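Comments concern the structure below.
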Amino acid sequence: MIKLGLMGGTFNPIHNGHLMCARIALEALDLDEVLFLPDGEPPHKAGDSLASGVSRLNMTALAVWGQPRFACSDMEITRAGTTYTVDTLTELKKARPDAALYYIIGSDTLYQIVNWRRARDVARLCSLIVIPRPRNQEDMDALRRQAERLKETLGFDIHLAPESGPDLSSTAIRALAAEGGATGDYTPQPVADYIAQHGLYGAPPHQMTCQLSRTLSPHRLSHTLSVAETAVFLAARFGENPCQAHLAGMLHDCAKGLDAPTLLQLIRSGGISADEVELSMPALLHAPAGAALARQQYHVTDAAVLSAIRWHTTGRKNMTRLEKIIYLADMIEPERADFPGLTDIRAEAMVDLDKAVAMAAARSAEYVLERGKKLHPRTMELAREDSPCV
Ligand code: FE
Ligand code: FE
C-alpha cells in the first residue's frame with residue numbers, strides 16, 4: 001500500500017518552513033509522496049490578507065515543482081464552500097483506494113483537532129504526523145499527553161516526528177513583501193517572483209511588470225497577469241512546468257501595442273519565420289514578434305517558453321502541452337469578456353486540454369469568419385478537430 005502524506009494549509013504564502021515540515025514527515029514515516037492541498041475557504045484565518053485560492057495554489061505548484069516526491073492538488077480550492085478536512089479525506093480515499101493517508105499537522109493543531117468537523121471520521125480515515133514546534137517553544141511532555149488523550153478518546157493513530165519544524169511564518173513573509181523586501185530567503189525563488197510580479201500582499205511593482213507597462217495598456221497588462229495566473233493553474237493541473245507556464249503567460253503579449261514596422265523588424269532581426277498570411281495580418285504579428293522581443297529584451301533563452309509565445313495566437317497542429325496551456329489561458333482567463341461558448345471551454349479546460357484547445361480554436365474561427373475576416377489556415381486546422389464542418 002502506498003503511504004501518501006497530506007499537507008493541508010492556507011499557504012498564504014507557502015514557505016520553506018512548510019517544505020521542511022513535509023520533508024521531515026516524508027523521511028520519518030518513509031512516505032511515498034506528500035500532496036500539498038491549499039485550502040479553499042478555510043473555516044478560520046479568513047481576512048483581507050488572504051490571497052485568492054488560485055494564487056495560493058499557484059504559489060504551491062511553483063514551490064513543489066522539481067522537488068522529488070512532492071505534488072500539489074487543487075481539490076480543496078475548486079470545491080465550493082468552506083473547506084473541511086473530512087471532505088478531502090473522504091474524496092481522496094475514493095480516488096486513491098491503494099493509499100494509506102497520513103495527515104501532516106503542526107503541534108498547535110493537535111490541540112484543536114477535537115473541534116474539527118467529524119473528528120472521529122478524520123481519525124478513521126487517516127493517521128496523523130505531528131511536527132513539533134522549535135524545541136524551546138514546545139512542551140514535549142504535554143504534547144505526548146495530548147496525543148495519548150486523542151488516541152483514547154477519538155481513536156487517532158498519531159506519530160510524533162523526531163524533528164522540529166523551523167520558526168518561520170507566512171505573516172512575516174507577507175509583511176516583508178509589503179515593504180518590497182526580498183522574500184526569496186524564506187520561500188522558493190519562483191514563489192517570491194510570483195508574489196512580486198502579481199503585487200500580492202501589497203508588494204510594489206516588479207521589474208518585469210514595470211517593463212511591460214511601458215508598452216502595454218493597463219487593460220492589456222491586467223489581461224497579461226491574468227493569463228499568467230491561469231497558465232500556472234493549468235500547468236499545475238496537467239503536470240506541466242509551472243515556472244515555464246508563468247513566464248510564457250507574462251510575456252505572451254509583450255509585443256502587443258507596437259506598430260507594424262517595429263513588429264516586422266523584430267521578426268526579421270529575431271530570425272523568426274512567419275508565413276505570408278501572418279505577414280499580411282497585423283493582428284497576428286505580435287506573436288512571432290513577441291518571441292523575438294522576449295529573447296532580446298527579456299533575456300528568455302528557454303526554447304519551450306519562446307515557442308509558446310510564438311504560437312499563442314493562431315495555435316498550430318501538434319502543439320506541445322505548454323503551447324496548449326498558453327493558447328487556452330489566453331482565451332479563458334477570468335477577465336476575458338464573455339463570448340458564446342466560453343463557459344463550456346472553461347469547464348472542458350479543467351478536464352481535457354486537447355478537447356478544450358479544439359473548442360477554443362473552433363470558437364475563434366467562428367468569430368473571425370462571422371466578421372468576414374481572413375482566418376489563418378493553422379487555426380482552421382485546429383478548429384476542425386472540434387467541428388469537422390468548419
Ligand atoms: Fe496575443
Ligand atoms: Fe493575450
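Computed from a predicted model, the values in this text were never measured in an experiment. Just so you know, ligand 1 is whichever comes first in the structure, and atom 1 is the first atom listed for that ligand.
Because its NZ or CZ atom is not both nearer than 6.0 Å to the ring centre of F156 and within 45° of the ring axis, R120 does not count as a cation-pi partner of that residue.
In this structure, R69 does not pair ionically with D32, as no charged nitrogen and carboxylate oxygen lie closer than 4.0 Å. A salt bridge is absent between E323 and R378; no separation between the charged side-chain nitrogens and carboxylate oxygens falls under 4.0 Å.
Taking the six-membered ring where the residue is Trp, the centroids of F339 and Y367 are separated by 6.0 Å or more.
For H252 atom NE2 and D253 atom OD2, the angle they make at the Fe ion (ligand 2) is roughly 90°, to 10 degrees.
Not one N, O or S atom of D330 sits under 2.8 Å from the Fe ion (ligand 1). Metal site remark for the Fe ion (ligand 1): H312 contributes an N, O or S atom at a distance under 2.8 Å.
Take the N/O/S atoms of H286: the one nearest the Fe ion (ligand 1) is NE2.
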